[in-house]
2 protein chains.
Amino acid sequence: MTLKELAERLELSPTTVSRALNGYPEVNADTRARIVTAAREYGYRANTMARKLATGRSMAIGHVIPLSAHQMINPIFAEFMAGASEIYSSEGYETLLSAVPQANEVQTYRELARRRSVDGLIVHTPRLDDPRVDLLRELGLPFVVHGRSVDIDEDRPVYLDINNRRSFEFATNYLIELGHRRFALLNGIETISFARRRRFGFEQALDAQGLRAPASRMVNMEMTETNAYDVTCRWLREPQPPTAILTSSTISALGVARAVRDAGLELGVDVSLISHDDDLSFMANEGDPPPFTVQRSSVRDAGAKCARMLIDHIAGKKVSSEIWDCEFIEGRSTGPAPKET
Amino acid sequence: MTLKELAERLELSPTTVSRALNGYPEVNADTRARIVTAAREYGYRANTMARKLATGRSMAIGHVIPLSAHQMINPIFAEFMAGASEIYSSEGYETLLSAVPQANEVQTYRELARRRSVDGLIVHTPRLDDPRVDLLRELGLPFVVHGRSVDIDEDRPVYLDINNRRSFEFATNYLIELGHRRFALLNGIETISFARRRRFGFEQALDAQGLRAPASRMVNMEMTETNAYDVTCRWLREPQPPTAILTSSTISALGVARAVRDAGLELGVDVSLISHDDDLSFMANEGDPPPFTVQRSSVRDAGAKCARMLIDHIAGKKVSSEIWDCEFIEGRSTGPAPKET
DNA sequence: CGTTCCTCTCAAAGCGTTTTGACGATATGC
DNA sequence: GCATATCGTCAAAACGCTTTGAGAGGAACG
């Protein structure tokens with residue numbers, strides 16, 4: 001069923017039918033009612049491609065996920081997408097996904113722009129000196145960054161980020177106040193900018209107390225359960241093991257927890273742990289109190305928010321960047337520093 | 001830069017240019033070379049929407065993810081998508097994602113079909129008596145099912161599944177041979193068909209030995225770490241706790257492991273655990289031996305395979321369904337049944 | 001009654017491709 | 001040398017919608 005056919009059946013012109021269905025004002029209320037009813041009856045839907053061609057808008061938002069060298073897929077990404085995708089659907093947008101090897105990333109953005117496949121893009125996990133921001137500006141595609149790319153205050157793109165520095169500074173201070181002195185940080189890879197910010201917060205808090213963590217106690221790696229387990233096991237075998245560990249995801253936190261238990265120690269007693277918590281649905285840190293003490297910020301909400309910002313941005317509205325604070329949640333993984341033996 | 005402009009610059013007709021770029025044979029080799037060079041030079045790319053409209057093919061594959069009532073996002077899904085998406089890109093297809101509340105699911109499929117937005121679909125985690133298979137047939141859209149919907153041998157759609165029944169039967173037998181007699185099964189929700197198959201395998205193996213697990217020891221729930229933890233804690237507090245647990249995902253396995261340790265018991269000694277393992281990149285069950293004994297099947301590979309099958313299906317090739325066997329991997333979570341005290 | 005102004009509807013011109021069918025020009029066969 | 005095939009190119013017609021600009025018909029006004 002095409003617009004033309006529908007118009008013929010109604011003995012109206014395609015123009016009128018199109019206008020009626022798209023809510024333009026210049027059509028008689030009775031006529032519109034007739035058209036809408038008929039459209040529903042025949043199950044008519046405008047052909048997406050024809051509409052896109054005619055309007056020049058693709059009504060699609062692109063997400064480019066680079067498959068990293070280690071072929072690691074960020075589970076956080078799925079949660080973000082769920083949040084974003086819901087908003088897109090409700091606004092009539094489609095979600096276009098491109099999983100490409102990181103080497104083809106720039107090329108993918110270029111293609112997307114040249115073929116006019118998307119009206120806008122979300123840039124995920126910006127890296128330091130990320131080329132994508134400049135690229136997208138050059139290509140003239142609207143975009144929103146999830147995270148912050150650079151620290152320069154002017155000429156920043158629209159972004160949504162959490163206050164990583166403050167979050168980790170706060171968490172570190174919390175542990176310092178519990179009497180901890182030997183710290184370790186299990187962080188994401190530092191080419192991704194949030195990892196740097198977290199480290200700054202961590203170091204800043206320690207610094208203020210004249211403390212510091214040796215380089216071997218600040219590790220950057222992909223945040224898998226196994227990686228976290230391995231590193232923690234190593235730390236716990238050292239003569240003066242850390243008593244306070246900060247980690248960048250609940251997945252790593254599980255690895256830390258496993259290592260602590262395997263070492264015959266108890267979390268919240270011998271070793272305290274604070275994690276960042278993206279509030280992943282399948283990895284919920286629930287309970288009263290929950291198992292882990294965390295700094296929580298829902299990545300799903302972030303997805304929804306970014307989607308809104310981008311849609312507004314595309315619509316030409318002025319949107320301003322946001323920085324969210326994490327919610328500190330006391331769980332069972334923290335406690336006073338153990339007495340020195 | 002449009003086709004027409006490019007043609008003008010070359011003093012050729014759009015027809016010839018289009019043919020040259022799309023590799024049709026009826027164009028002179030010299031002319032083609034000239035055209036290709038010019039296209040590259042000007043950075044010309046065909047406008048996707050115009051092409052779609054003209055060809056009637058959308059060159060996009062749809063994935064509809066229902067957001068369940070509990071707002072739970074399947075992390076397995078992300079991994080599947082990564083595998084599939086890579087294939088799509090390499091074949092020139094785009095990936096269209098729709099995250100919709102489960103209530104709108106059928107409607108979403110209908111829309112997708114009526115607007116002709118996609119050339120084909122992947123149906124995820126089919127449920128028992130899944131309406132989607134019939135719906136898609138009615139709509140005439142090619143699709144591939146990841147998992148199996150029904151057991152009727154005839155008139156099955158094209159699908160890719162793993163041998164869930166056999167996998168769990170084998171795992172259960174393995175534990176029986178280790179001397180275990182008190183079993184428990186931590187399963188996914190049974191409206192999803194794989195969960196039923198796994199239970200059948202489990203029960204079949206027990207049955208063959210005259211054993212059975214009480215209903216309270218066969219639990220169906222969303223596979224989160226916390227859920228698994230809670231249920232296992234409850235079991236371990238019972239007078240005759242299970243010594244052998246089977247679970248449907250490594251995420252639940254982590255919950256079980258945490259509960260076992262919190263109960264002061266040791267995995268592989270007091271309690272044995274075999275898990276299904278989707279080989280998620282962020283949840284890798286690595287080590288030598290790995291922490292968990294598992295039945296492994298890469299969901300990422302499954303994604304890639306489904307993508308291939310679907311593309312072939314769309315191309316009109318005959319494709320046949322596949323059932324994959326899991327790979328049994330012995331880890332440290334299993335051991336001989338503890339002696340009765 | 002003539003003019004002006006709305007209101008509603010329509011014909012037609014895009015949007016940027018692909019694809020059909022035709023047509024000169026050159027090569028091939030007898 | 002004439003008919004026939006082959007090659008390379010093109011004009012024009014889709015594809016199914018939106019949007020522009022115009023016009024028919026009535027109502028309102030002087």
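So you know, we letter chains A, B, ... as the sequences are listed, proteins then strands, and number each from 1.
Electrostatic pairing of Glu94(A) and Arg115(B) does not count as a salt bridge here, judged by no charged N lying under 4.0 Å from a carboxylate O. The pair Arg9(A)-Glu41(A) does not meet the salt-bridge criterion, since no charged nitrogen lies less than 4.0 angstrom from a carboxylate oxygen.
Computed from coordinates, the Leu10(B) CG to dC10(D) C1' distance equals 15 Å when rounded to whole Å. With rounding to whole Å, Arg114(B) atom CZ is found 17 Å from dG16(D) atom C1'. Rounded to a whole Å, the CZ atom of Arg57(B) is 13 Å from the P atom of dT18(C).
Side-chain N/O atoms of Thr95(B) and Ser85(B) include a donor and acceptor closer than 3.5 Å.
The side chain of Arg19(B) lies closest to dC10(D) when the candidates are dC10(C), dC10(D), dC8(C).
Taking 4.0 angstrom as the limit, Ser18(A) places none of its side-chain polar atoms (N or O) nearer than this to OP1 or OP2 of dC17(D). Contact annotation: Asn22(B) reaches the phosphate of dT18(C) (side-chain N/O to OP1 or OP2, under 4.0 Å). Here Asn28(B) reaches the OP1 or OP2 of dG8(D): one of its side-chain N or O atoms lies under 4.0 Å away. Within the structure, a side-chain polar atom (N or O) of Ser13(A) is placed less than 4.0 Å from OP1 or OP2 of dC10(C). For dC17(D), one of the phosphate oxygens OP1 or OP2 lies less than 4.0 angstrom from a side-chain nitrogen or oxygen of Tyr44(A). Between Thr15(B) and dT18(C), a side-chain N or O to OP1/OP2 separation shorter than 4.0 Å is absent. Of the side-chain N and O atoms in Tyr24(B), one or more sit less than 4.0 angstrom from OP1 or OP2 of dT19(C).
Scanning for side chain to side chain contact (heavy atoms under 4.5 Å, CB included) contacts around Glu26(B) gives Arg19(B), Tyr24(B), with sequence neighbours left out.
Axis deviation across the helix from dC1(C)-dG30(D) to dC30(C)-dG1(D) amounts to 50°, comparing end segments of five pairs, rounded to 10 degrees.
When the shell of 6.0 Å around CZ of Arg114(B) is examined, it contains more than 12 heavy atoms from other residues, nucleotides or ligands.
Going from atom OG of Ser193(B) over to atom CZ of Arg148(B) covers 8.0 Å, rounded to the nearest 0.5 Å.
When each of Val27(B) and Ala50(B) is assigned the nucleotide of DNA chain D with its nearest heavy atom, Val27(B) is the one assigned upstream, toward the 5' end. Taking for each of Ala54(B) and Leu12(B) the nucleotide of DNA chain D with the nearest heavy atom, the 5'-most of the two is the partner of Leu12(B).
Residue Thr55(A) is classed as a sugar-phosphate contact, given heavy-atom separations below 4.0 Å to backbone atoms only.
Ring geometry for His124(A) against His63(A) counts as tilted: the plane angle lies between 30° and 60°, on a 0 to 90° scale.
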